[in-house]
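The block underneath contains the structure these notes are about, expressed in structure tokens.
Predicted model, so just to flag it, every value in this text is computed and none were measured.
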Amino acid sequence: MPIAINPQRLLKDLHDLRAIGASGNGVIRPAFSDTDIEARQWLAGRMRDAGLDPAFDPAGNLFGLPPEPGKCLLMGSHSDTQPEGGWLDGAYGVIAALEVSRASREAGGPPVAVVSFQDEEGRFGVLTGSRIWAGVLPLAEADALVDTSGVTFVEARRRMEPMVTGDFLPADRFSGFVEAHIEQGPVLDQQGESIGVVDAIVGIRTERFRFTGAQNHAGTTPMAMRRDAFQGLAAFVNDLNARLTGIVTPTTVWTIGHVRLHPNAPSVIPGDVEFTVQWRDGSEARLEAMTQTIRDCAAETAAARGLGLERSDFSALAPTAMDGGLMSNLSGAADRLAPGKWRRMPSGALHDAANLARLMPTAMLFVPSIGGISHDFAEDTAEEHLVLGVQVLAASLEA
């Protein structure tokens, strides 16, 4: 029997969750805040109503487990938000999973577990809850993490201690993981498409650079005699964009994201500029080629302008490929329900799925973000796309 979701029930749950921490069109529900805890308690109740057994682990992750023995598919995302967040980022994946689980149970289909991971949005770090659950970040190490106001992770999670039902669930309880999410970018919206089947979560590399020149008087130092650190940065950016043209693809991105200029005064030639470069792509080989190009460009810029160069704080996250079988199931469902209106695509943002892919077959599905807007109160998705995405998820169980 086909698994038929209930669109009205889905949308009501999405809007009921949206009301917890609502602020204008958006939501304020940071990890371990009063509104986040209220939302998790509400979700636990909806899981019970759907015939699932809620389970809170020590990190604040919430699972809804089918009563049937044996392995089952896990679906979900996160329900915490940015300090000023949109109403669908994470929440869509959790409620989509809940609706698929209910609909499958009603149709006599396979059991589906649901999860809302804690602190995906990074109050205490990147994907904190799923990193802990996946064994990437030991709980004892996570407990020492500190947010911007000086609160430690262990202090924050103590607020949820009365809700904890047991230790961390074993990963072998689940046969795989599927995460639905809004795209958070403009591709599907601009192309008039309805569904994205993610083939990989991009790798991310970040490095800090510093050009040092000579601070001097801005009115008396001839241009030809200057060692201007900021002019070095400007030349670097221009040259780098040209050099990367032959390496990158249309989905590759790179960003100068943070700049600190010293002394940052109108009448002083800058003697020092520190800046970060971040680059993202789904190919490890391309990321490596970009790394060498970026470093070479910085070194040659510094040499040509008589500047010193320092590099520091290099970090690298490898690309994460999605599982071929789960992708095939989602693609087949998308082709049946949205013919000509779907595509395979990379995820340029990190998601909990990247951590779960270490443990089990994993896949992701995107629905459009209107205007490509996310991490903002204006974030939104058309209801028809919200419904279609869940219909595709449910249909993928029938493969």
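Between R123 and D80, no side-chain nitrogen of the basic residue sits less than 4.0 Å from a carboxylate oxygen of the acidic one, so the salt-bridge criterion is not met. In summary, R208 and E310 do not engage in a salt bridge, as defined by a charged side-chain N under 4.0 Å from a carboxylate O. With salt bridges taken as basic N to acidic carboxylate O contacts below 4.0 Å, one links D272 and R210. Using a 4.0 Å cut-off between a side-chain N of Lys or Arg and a carboxylate O of Asp or Glu, E68 and R105 qualify as a salt bridge. Between D49 and R102, none of the side-chain N atoms (NZ, or NE/NH1/NH2) sits under 4.0 Å from a carboxylate O, so this pair counts as no salt bridge. Between R305 and E300, no side-chain nitrogen of the basic residue sits less than 4.0 Å from a carboxylate oxygen of the acidic one, so the salt-bridge criterion is not met.
Annotation: side chain of S328 is not in contact with side chain of L330 (no heavy-atom distance under 4.5 Å). Contact check for V112 versus C72: no side-chain heavy atoms found under the 4.5 Å cut-off. You'll find the side chain of V100 stays beyond 4.5 Å of the side chain of I3, heavy atoms only. A 4.5 Å side-chain heavy-atom check between R40 and S79 finds at least one atom pair inside the cut-off. Annotation: side chain of K71 is not in contact with side chain of R173 (no heavy-atom distance under 4.5 Å). Taking the side chain as every heavy atom from C-beta outward, T293 and L244 approach each other to under 4.5 Å. The shortest side-chain heavy-atom distance between V27 and I20 does not fall under the 4.5 Å cut-off. Side-chain contact between M163 and I37: present, with at least one pair of heavy atoms (C-beta onward) separated by less than 4.5 Å.
With values rounded to the nearest 0.5 angstrom, L74 atom CG is found 10.0 Å from E179 atom CD. From L388, atom CG reaches atom CD of Q391 across 6.0 Å, with rounding to the nearest 0.5 Å. Between T362 atom OG1 and M322 atom CE the span is 6.0 Å, to the nearest 0.5 Å. Expressed to the nearest 0.5 Å, how far CG of L14 lies from CG of L98 amounts to 9.5 Å. Of the inter-residue distances, the one linking Q215 atom CD with T221 atom OG1 reads 10.5 Å to the nearest 0.5 angstrom. In this structure, NE2 in H262 is found 12.0 Å from OG1 in T212, a value given to the nearest 0.5 Å.
Looking at D57, D147, D143 one by one, the single match for salt bridge (charged side-chain N to carboxylate O under 4.0 Å, His left out) with R157 turns out to be D143. In summary, of the residues considered (L62, I132, L356, T128), a side chain to side chain contact (heavy atoms under 4.5 Å, CB included) with F117 occurs for L356 alone.
I294 and L309 fall within a single hydrophobic cluster, where Ile, Leu, Val, Met, Phe, Trp and Tyr are joined by side-chain heavy atoms under 4.5 Å apart, directly or via other members. Cluster annotation: V187 is connected to L88 through the hydrophobic network of ILVMFWY side chains, with a link wherever side-chain heavy atoms come within less than 4.5 Å. If you chain together hydrophobic residues whose side chains sit under 4.5 Å apart, V202 and L287 never meet in one group. Side-chain heavy atoms closer than 4.5 Å link hydrophobic residues (I, L, V, M, F, W, Y) into clusters, and following such links, possibly through other members, connects V248 to V237.
L261 and P270 get closest at one heavy-atom pair: CD1-CB, 3.5 Å. Residues I201 and A353 come closest through the heavy atom pair CD1-CB, 4.0 Å. Of all non-hydrogen atoms in I269 and A214, the two that sit nearest each other are CG2-O, 3.9 Å. Taking all atoms of both residues into account, the shortest heavy-atom contact from L73 to L326 is CD1-CD2, 4.5 Å.
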Exercise for review: Decide yes or no on side chain to side chain donor-acceptor pair (under 3.5 Å) for T152 and E155, but give the supporting numbers first.
Suggested key: CA-CA 5 Å; T152 63; E155 290 170 333; 3.2 Å; yes
Exercise for review: Could you walk me through whether V126 and L350 pass the side-chain contact (heavy atoms from CB on, under 4.5 Å) test, one step at a time?
Suggested key: CA-CA 9 Å; V126 180; L350 278 178; 3.6 Å; yes
Practice item. Determine, stepwise, if the pair M345 / V197 fulfils side-chain contact (heavy atoms from CB on, under 4.5 Å). Key: CA-CA 6 Å; M345 63 189 301; V197 176; over 6 Å; no
Point to revise | Evaluation steps, side-chain contact (heavy atoms from CB on, under 4.5 Å), between D296 and R243 | key: CA-CA 10 Å; D296 288 347; R243 292 190 187 204; 4.2 Å; yes
**Study point:** Chi angles and distances behind the salt bridge (charged side-chain N to carboxylate O under 4.0 Å, His left out) call for E141, R131
**Key:** CA-CA 11 Å; E141 186 177 324; R131 279 199 298 155; over 6 Å; no
Practice item. Apply side-chain contact (heavy atoms from CB on, under 4.5 Å) to the pair L65 and F174, showing each step before the final yes or no. Key: CA-CA 10 Å; L65 303 173; F174 308 109; 3.9 Å; yes
Exercise for review: Any chance you could lay out the salt bridge (charged side-chain N to carboxylate O under 4.0 Å, His left out) test for E193 and R343, step after step, and finish with the verdict?
Suggested key: CA-CA 8 Å; E193 295 170 334; R343 68 168 59 206; 2.5 Å; yes
Exercise for review: Start with the C-alpha distance between W133 and D352, add both sets of side-chain angles, then the distance that settles side chain to side chain donor-acceptor pair (under 3.5 Å), and finish with yes or no.
Suggested key: CA-CA 10 Å; W133 187 76; D352 291 312; over 6 Å; no
Practice item. Walk me through it: do R46 and D13 pass the test salt bridge (charged side-chain N to carboxylate O under 4.0 Å, His left out)? Key: CA-CA 9 Å; R46 295 302 286 152; D13 275 350; 3.1 Å; yes
Check your understanding: Given F230 and F211, is the ring-ring contact (aromatic ring centres under 6.0 Å, His included) satisfied, shown in steps?
Key -> CA-CA 8 Å; F230 185 75; F211 287 148; over 10 Å; no
Exercise for review: Just do the salt bridge (charged side-chain N to carboxylate O under 4.0 Å, His left out) check on D36 and R29 with the steps written out, would you?
Suggested key: CA-CA 5 Å; D36 172 59; R29 205 164 54 223; 5.4 Å; no
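Using modelled atom types, one finds no donor on one side chain facing an acceptor on the other under 3.5 Å when comparing N329 with S396. Side-chain contact, S369 with Q184: no donor N or O sits under 3.5 Å from an acceptor N or O. R344 and S331 form a side-chain donor-acceptor contact under 3.5 Å, judged by distance and modelled atom types alone. A donor atom on one side chain and an acceptor atom on the other are found under 3.5 Å apart for D89 and H375. When only modelled atom types and interatomic distance are considered, W254 and D281 share no side-chain donor-acceptor pair under 3.5 Å. If you check the side chains of W87 and D380, you find a donor sitting under 3.5 Å from an acceptor. For the 3.5 Å distance criterion, the side chains of T252 and R286 fail to qualify, holding no donor opposite an acceptor.
By the 30° and 60° cut-offs, the orientation of the rings of W279 relative to F314 is tilted. Between H181 and H78, the two ring planes are tilted [angle within 30° to 60°].
The six-membered or imidazole ring of F236 lies near that of F275, with a centre-to-centre distance under 6.0 Å. Ring centroid separation for the pair F56 and F63 does not come in under the 6.0 Å cut-off. Ring centroids of W342 and F366 are separated by 6.0 Å or more, keeping the two rings apart.
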